[in-house]
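Throughout, protein chains are lettered first and strands after them, A, B, ... in sequence-line order, and every chain is numbered starting at 1.
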Amino acid sequence: ETGVTQTPRHLVMGMTNKKSLKCEQHLGHNAMYWYKQSAKKPLELMFVYNFKEQTENNSVPSRFSPECPNSSHLFLHLHTLQPEDSALYLCASSQRQGAGANVLTFGAGSRLTVL
Amino acid sequence: KNQVEQSPQSLIILEGKNCTLQCNYTVSPFSNLRWYKQDTGRGPVSLTIMTFSENTKSNGRYTATLDADTKQSSLHITASQLSDSASYICVSFFSGNTPLVFGKGTRLSVIA
C-alpha cells in the first residue's frame, strides 16, 4: 500500500458507456496527476492538479474529463472511448507541482479495456 | 528535445546473477534522475534518486550511477532474485512546470 489508492483496478467498457476512475491519496500531498501507460511506450502525462486547480492538460481528448474536488481525491470521467484508449491509467501525487514533483507516489493503476 | 532512452528493452537472467540497466538522457537543465521499479499489475515504486552532484548511490542490492558529463545513468542489480522480475523505469527531472521525462523501461525477467 503506497498511500495512493485507485479504484476500480480493472474496468471493461463499451465505446458508448460512461464510467469513472477514482484516485485517493492519504499522504497530505497537494498535487495529483493522471498518467496513461500503454505497452512499450513511456508514461504519458494527461492532467495535473495543483492545490485543486488544473494546471496541465496535455492535449488530452475531451472524452477524458478530470475532476478534483479536493486535494485528496481525483477522478477521471470516461465517455465514448475508443479501443486505442485501452491502457493502464496511473494516478500519482506529490507534495506540490514543480520543485517537489520529482517525489511522485503512484497508485497501483486502473487497467482499462475498451471493447 | 527532452528524452530518456533506456536499454536493453528486455533482459532475461538466471537467479543469482548480476545485471546492469542503462539510461541515457537529453534533459536540460537537468536536476535529478530517479529509478522506479514497476511490478506487473502495480504502479511504479521509487528505488533511488540521483542528483547532479552524486555519482553512486546504493539501496540494498541496487546500485545506481550517474555520469552528468555523458548524461548516462545505470542501475546495477547484484545477486538477482526472482522478485526482481519487473520493469525498471528511468525518470529524469528538470526545471520546468511539468518536470518529469520518462523512459520506456527495461523489462527484467529473473528465472530459476
Exercise for the section: Answer yes or no: does atom NZ of B:K57 have more than 12 heavy-atom neighbours from other residues, nucleotides or ligands under 6.0 Å? Expected result: yes
Show me the donor-acceptor pairs, under 3.5 Å and distance only, between side chains in residues 107-115 of chain A and residues at least two apart or in other chains.
{"residue": "A:S110", "atom": "OG", "partner": "A:P8", "partner atom": "O", "Å": "2.6"}

Problem - ILVMFWY cluster, B:F93 and B:I89 together (side-chain gap under 4.5 Å) - result: yes
Practice task
Could you look at A:K40 and say if it's the side chain, the backbone, both or neither that has a heavy atom under 4.5 Å from chain B?
Solution key: both
Practice task
Check B:F102 against A:P42 and note the closest heavy-atom contact, atom names and distance.
Solution key: O-CB, 3.5 Å
Problem - A:Q37 portion near chain B, given a 4.5 angstrom heavy-atom threshold - result: side chain
Handout entry: Same apolar cluster (I L V M F W Y, side chains within < 4.5 Å links), B:L66/B:W35
Key = yes
Problem - Residues of residues 103-112 of chain B contacting chain A, heavy-atom criterion under 4.5 Å, by residue number - result: B:G103, B:K104
Problem - Residues that B:D67 engages under side chain to side chain contact (heavy atoms under 4.5 Å, CB included), provided they are two or more places apart - result: B:D69, B:T70
Handout entry: Within one Ile-Leu-Val-Met-Phe-Trp-Tyr cluster: A:Y49 and A:L27, side-chain cutoff 4.5 Å
Key = no
Exercise for the section: Using the rule that two of Ile, Leu, Val, Met, Phe, Trp, Tyr join whenever any of their side-chain heavy atoms come within less than 4.5 Å, decide whether A:V60 and A:V48 are in one cluster. Expected result: no
Exercise for the section: Report, by ascending residue number, the residues of residues 72-91 of chain A in heavy-atom contact with chain B at a distance under 4.5 Å; give 'none' if the set is empty. Expected result: A:L88, A:L90
Practice task
Answer with side chain, backbone, both or neither: which region of B:Q38 has an atom nearer than 4.5 Å to a non-hydrogen atom of chain A?
Solution key: side chain
Practice task
Determine, using the 4.5 Å side-chain heavy-atom cutoff (strictly less than), whether A:L104 and A:M32 are members of one ILVMFWY cluster.
Solution key: no
